[in-house]
Structures are given as structure tokens and as C-alpha cells.
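Some notes on the structure that comes next.
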Amino acid sequence: MSWQTGLIKTILDPSNWIISTDVAVVIADKFPKARHHYLVLPKADIASIFQLNKTHLPLLEELHLLAHNVIEIRGEKIDNFQIGFHAEPSMQRLHLHVISKDFVSSCLKTKKHWNSFNTPLFLPYDSLYTQLNSEGTIKRLSKVTKEALLATPLKCNQCSFVAKNIPSFKEHLQDHSAL
DNA sequence: GTTCTAGAAC
DNA sequence: GTTCTAGAAC
């Protein structure tokens with residue numbers, strides 16, 4: 001089994017479910033990129049956002065409800081979270097990211113990690129829902145666009161700071177979180 | 001997606 | 001000399 005199927009394997013074991021309904025489950029991200037990082041996945045075999053069509057809109061609403069539920073269960077505030085999809089997913093099985101905005105985590109190691117959540121490489125739930133509702137499908141970003149977004153400088157999500165490298169950026173994020 | 005590590009950057 | 005990044009992984 002290749003690494004791309006890791007999520008499918010993980011959700012086969014109900015002991016990994018933080019919450020579940022008839023159609024979806026919530027699990028903890030195995031390599032959390034912030035203090036809180038959860039994934040909401042449908043039980044149905046939907047590979048990615050690129051397989052979605054308008055018939056999936058009610059399913060998306062349920063995934064979003066579960067995203068809010070897990071934040072509430074953890075006693076956190078919805079405003080402190082980003083809820084959305086990666087524009088270029090790596091793992092099989094559609095998964096909605098529910099991640100706290102601190103981005104303080106030992107698993108956050110690369111510029112790609114940061115930019116995949118803090119540039120248009122991250123598709124907020126509402127944006128994806130709107131695109132699917134109006135166009136009936138989710139478009140891929142061009143290779144050129146993706147490369148440009150991955151090369152975006154490390155700009156803080158809480159102030160105007162731009163870091164020279166990852167270690168100094170992680171220190172900066174931790175300082176915000178301690179205030 | 002992560003791990004490993006060569007060689008770039010400092 | 002050490003830190004840091006970025007590409008291969010059969």
C-alpha cells in the first residue's frame with residue numbers, strides 16, 4: 001500500500017474517529033501543522049476535490065458541520081480556525097482540514113507546509129462550496145500558478161513580518177502564540 | 001504525505 | 001564549520 005492511501009487505511013479503524021455520522025468521520029491529522037489539526041472525511045470513496053459535482057453539495061455541508069462540531073468538542077473558538085481544502089491534495093480520499101491559526105507545531109517543517117495553508121493553495125470551505133455550486137466542478141490550478149504560490153515568501157498570518165528562513169519563522173509564530 | 005541527505009547558503 | 005533547503009525515494 002502506497003503512502004497516498006494512508007488516510008483510507010486510518011479511517012478503517014473506528015478507534016481513530018473523534019466524531020462520526022452515517023456519512024463522514026473526523027480524525028486527528030497524523031502530522032498536525034498547528035496545535036489543533038483535524039481532518040473531516042466522507043466514508044464514500046471520493047478521491048479528491050476534483051471528483052466533486054453538484055450532487056455532493058449536501059455532503060459538503062455535513063463535512064462542514066462536523067468541522068464546527070470538533071472545534072466545539074475541543075472547547076475552541078471557530079474564529080481561531082481555518083476550514084478548507086488543499087488545492088493540490090497529496091493524499092487519497094477527500095479531506096477537509098480543520099486547523100488552528102497558531103501554526104505552532106514541530107511537524108511544520110517546510111515552506112510548502114506553510115504556503116499550502118496560507119496562500120490560495122488553501123481553498124476555504126466557503127470558496128470551494130461557491131465554486132462547486134456555480135460551476136459544477138473544481139478546477140485545478142496551473143503548474144505555473146502552483147509553483148509561484150509555493151515560492152511565496154514566509155509572511156506571518158498575524159502581522160507584517162516576513163521571515164528569512166523556516167527556523168526564524170517558527171520562533172516568530174511561537175512568540176505570537178505566547179502573547 | 002514523510003524521511004533522508006547532498007550541497008547551497010550562511 | 002554549521003545551518004538550512006529542496007529533491008529523490010524503484
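Protein chains get the first letters and strands the later ones, always in sequence-line order, with residue 1 at the start of each. Just so you know, these numbers come straight off a predicted model, no measurement behind them.
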Review point. Hey, are A:D45 and A:R93 close enough for a salt bridge, meaning a charged N less than 4.0 Å from a carboxylate O?
Key: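 A salt bridge is present here (some side-chain N lies under 4.0 Å from a carboxylate O).
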
Review point. Does any donor atom in the side chain of A:E62 or A:T21 lie under 3.5 Å from an acceptor atom in the other side chain?
Key: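 Side chains of A:E62 and A:T21: pair found under 3.5 Å.
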
Review point. Among side-chain atoms of A:E135 and A:T137, is any donor-acceptor pair under 3.5 angstrom?
Key: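 No, A:T137 and A:E135 have no side-chain donor paired with an acceptor closer than 3.5 Å.
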
Name the atoms and distances for all side-chain donor-acceptor pairs under 3.5 Å in residues 12-20 of chain A, with sequence neighbours left out.
from, atom 1, to, atom 2, distance (Å)
A:D13, OD1, A:S15, N, 2.9
A:D13, OD1, A:S15, OG, 2.8
A:D13, OD2, A:S15, OG, 3.0
A:N16, ND2, A:T10, O, 2.9
A:W17, NE1, A:I11, O, 3.0

Check your understanding: How does DNA chain B read in dot-bracket, base by base from 5' to 3', with Watson-Crick or G-U pairs under 3.5 Å and | used when the partner is on another strand?
Key -> .|||||||||

**Study point:** Within-4.5 Å side-chain heavy-atom neighbours: A:I138 and A:Q131
**Key:**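 Touching, per the 4.5 Å side-chain cut-off.
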
Revision key, fill the gap. Letter by letter from the 5' end, nucleotides 2-10 of chain C scores (B base, S sugar-phosphate only, - none; protein heavy atoms under 4.0 Å) --SS-----

Point to revise | Audit row: A:H36, A:F81, ring pair (Phe, Tyr, Trp, His ring centres under 6.0 Å) steps and yes/no | key: CA-CA 9 Å; A:H36 292 270; A:F81 281 74; 5.8 Å; yes

Check your understanding: Which is true for A:K112 with a 4.0 Å heavy-atom rule: it touches a base, it touches only sugar-phosphate, or it touches nothing?
Key ->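 Counting heavy atoms under 4.0 Å across all strands, the contact made by A:K112 is with sugar-phosphate only.
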
Practice item. With side chain to side chain contact (heavy atoms under 4.5 Å, CB included) as the test, would you mind laying out the steps for A:H176 and A:C156 before giving the verdict? Key: CA-CA 10 Å; A:H176 271 303; A:C156 182; 3.4 Å; yes

Review point. Between A:K33 (NZ) and B:dG1 (C1'), how many Å, whole number?
Key: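 A:K33 atom NZ is separated from B:dG1 atom C1' by 7 Å.
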
Practice item. Examine A:H37 together with A:F117 and report whether their ring centres are nearer than 6.0 Å. Key: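 Yes, they do, as the ring centres are separated by less than 6.0 Å.
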
Check your understanding: Counting only side-chain N and O atoms of A:H86, is one of them less than 4.0 Å from OP1 or OP2 of B:dG1?
Key ->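 Affirmative; the distance criterion is met.
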
